[in-house]
Amino acid sequence: MGLSEAIEAFTPQLPLAVGFSGGADSTALLLACARKWPQQVRAIHIHHGLQSAADDFVRHCERFCAELEVPLVVRRVDARHASGQSPEDAARRARYASFQSVLQEDWAGEGAASIALAHHADDQVETLLLALSRGAGLPGLSAMPAHWRRDGVHYHRPLLSVPGAEIRDWLQAQGVPWLTDPSNVDQQFTRNRIRARLLPVLDQAFPQFRQTFVRSAAHAAQAQSLLQELAEEDLLRVGVPPVIAAVQRLSRARQANVLRHWLKTHWQTSASAAQLNELLRQVQACTTRGHHIHIKVGAGFVRRNNELLDWYNP
């Protein structure tokens, strides 16, 4: 699918906000959306403060939006990462918090509840390969969703099926310049190494890999959705907090699924594969009144509380 076809099929709630970095992908997305919905598109630029060229990016975005007659909000954030946190994760969290605040503060009352992001097929492939390299389960192999809702805001990625090269070719045909972020070629980041080293090799060996990888991620997302539905049904059966005997009546796979769901939805924590396996082993062995369970899981501990499982963060 090309960019024009992707935008033609895109039907968000209007008015629409576009995350605009000034790079090729977000420039193409903003331009295409502004042409399709005149006066109905806004732009948000996040100034991370991590590069010396960040102020130049802002000036470029201001000029481009002025030419398009698209309202622009620039939000400056502190995206420095905490100890143990990846720089990418810190920047991502700062971006989403900023998107939310712009809709609530700068455009309150305008009805803007949709944000479009410019991730494309290459980004989706990189995300899938990162997940594979980390031994991820279905949530990771689902890669990035094309649409999701967060804090009342609808987020869209309309270009997920469009290769990055096609986006740049389209933009060149429009005669529109874009910026290049120096951090995108810094190979200290795993994603950039995948982009620079693996994607060219895949292009040679499997020319259609973008389409097939994106399709595989969509299959994984569908399977994960079914597991989510099953987990919700099983959690109703075992209770909150879970009754140990009720958990034991499920198959091991369903035990893992429902306990993972319970930890995530009620305690906002996740178990590693080793932690979850040990928890399942202890649950299976819990057949006597005196059996003790106290296992490190995520940021806290799962323990036995009479006939129930409990989680706490000391």
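Residues take their numbers from the sequence shown, with the count starting at 1.
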Of the non-hydrogen atoms in Ala299 and Thr269, which two are nearest, and what is the gap between them? N-OG1, 3.1 Å
Which is it for Ile244 and Glu307 under the side-chain contact (heavy atoms from CB on, under 4.5 Å) test, yes or no, and what are the steps along the way? CA-CA 6 Å; Ile244 294 173; Glu307 304 307 313; 5.8 Å; no
Tyr155-Tyr96 aromatic ring centre distance below 6.0 Å: yes
Gap between atom NE2 of His261 and atom CG of Leu227 - 0.5 Å precision: 11.5 Å
Between Trp262 and Pro241, which heavy-atom pair has the shortest distance, and what is it? NE1-CA, 4.4 Å
Between Leu308 and Val243, is there a side-chain heavy-atom distance shorter than 4.5 Å? yes
Is it true that Leu130 and Met144 fall in one hydrophobic cluster, defined by side-chain heavy atoms closer than 4.5 Å? no
Using a distance-only test with no angle check, is there a side-chain donor-acceptor pair under 3.5 angstrom linking Arg191 and Thr127? yes
Looking at Asp234 and Arg249, is any side-chain nitrogen of the basic one under 4.0 Å from a carboxylate oxygen of the acidic one? no
Compute whether any side-chain donor of one residue and acceptor of the other, for Gln282 and His294, lie under 3.5 angstrom apart. no
Any link between Ile293 and Val258 through a network of hydrophobic side chains (Ile, Leu, Val, Met, Phe, Trp, Tyr) touching at under 4.5 Å? yes
Within this structure, what is the SG-CD1 distance for the pair Cys61 and Ile44, rounded to the nearest 0.5 Å? 12.0 Å
Quick check on the hydrophobic clustering: are Leu235 and Leu263 connected, directly or via other members, by side-chain heavy-atom contacts under 4.5 Å? yes
Between Glu278 and Arg281, does at least one N-O distance fall below 4.0 Å, as a salt bridge requires? yes
Glu5 and Ser161, any side-chain heavy atoms less than 4.5 Å apart: no
Closest contact, heavy atoms only, Pro163 versus Arg210: CB-CD, 3.8 Å
Taking every heavy atom of Ala43 against every heavy atom of Phe20, the minimum-distance pair comes out as CB-CB, 4.2 Å
Tell me whether the count of non-hydrogen atoms from other residues, nucleotides or ligands lying under 6.0 Å of CD in Gln222 goes above 12. no
In short, Asp122 meets Gly164 closest at the heavy-atom pair OD1-N, 2.8 Å
CG-NE2 distance between Leu16 and His154, expressed to the nearest 0.5 angstrom: 12.0 Å
Test item: Gln248 side-chain N/O and Cys286 main-chain N/O as donor-acceptor pair under 3.5 Å: yes
Is the shortest heavy-atom distance from the side chain of Pro158 to the side chain of Leu29 under 4.5 Å? yes
Is there a side-chain contact (heavy atoms from CB on, under 4.5 Å) between Leu276 and Gln255 once you walk through the steps? CA-CA 10 Å; Leu276 187 60; Gln255 288 178 24; over 6 Å; no
Ile7 vs Leu3 side-chain heavy atoms within contact, under 4.5 Å: yes
Between Thr190 and Arg193, a side-chain donor and acceptor under 3.5 Å: yes
Answer yes if Leu250 and Leu309 sit in the same cluster of Ile, Leu, Val, Met, Phe, Trp and Tyr residues linked by side chain heavy atoms under 4.5 Å apart, and no otherwise. yes
Any side-chain heavy-atom pair from Leu129 and Leu202 closer than 4.5 angstrom? yes
Using side-chain contact (heavy atoms from CB on, under 4.5 Å), reason through Arg42 and Val73 one step at a time and then give a plain yes or no. CA-CA 8 Å; Arg42 317 280 189 267; Val73 169; over 6 Å; no
Atom of Gln124, atom of Ser142 and distance for their closest heavy-atom approach: NE2-O, 4.2 Å
Arg254 side chain to Asn257 side chain, donor-acceptor N/O pair below 3.5 angstrom: no
Rounded distance (nearest 0.5 Å) linking atom CG of Leu280 with atom CZ of Arg252: 4.5 Å
Is the shortest side-chain heavy-atom distance between Glu126 and Asp123 below 4.5 Å? yes
Using the rule that two of Ile, Leu, Val, Met, Phe, Trp, Tyr join whenever any of their side-chain heavy atoms come within less than 4.5 Å, decide whether Phe209 and Val214 are in one cluster. no
Is any side-chain heavy atom of Arg35 less than 4.5 Å from a side-chain heavy atom of Gln174? yes
Is a donor on one side and an acceptor on the other found under 3.5 Å between the side chain of Lys264 and the backbone of His266? no
To the nearest 0.5 Å, what is the distance between CZ on Arg260 and OG on Ser270? 9.0 Å
To the closest 0.5 Å, what do you measure between CG (Leu279) and CD (Gln275)? 9.5 Å
So, the side chain of Glu69 versus the backbone of Ala66: is there a donor-acceptor pair under 3.5 Å, distance only? no
Taking side chain as C-beta onward, heavy atoms only, is Asp25 less than 4.5 Å from Trp178? no
Donor-acceptor pair, distance only, cut-off 3.5 Å: does the side chain of Arg304 make one with the backbone of Asn306? yes
Derivation of the side-chain contact (heavy atoms from CB on, under 4.5 Å) call for Phe206 and Thr212: CA-CA 9 Å; Phe206 308 105; Thr212 55; over 6 Å; no
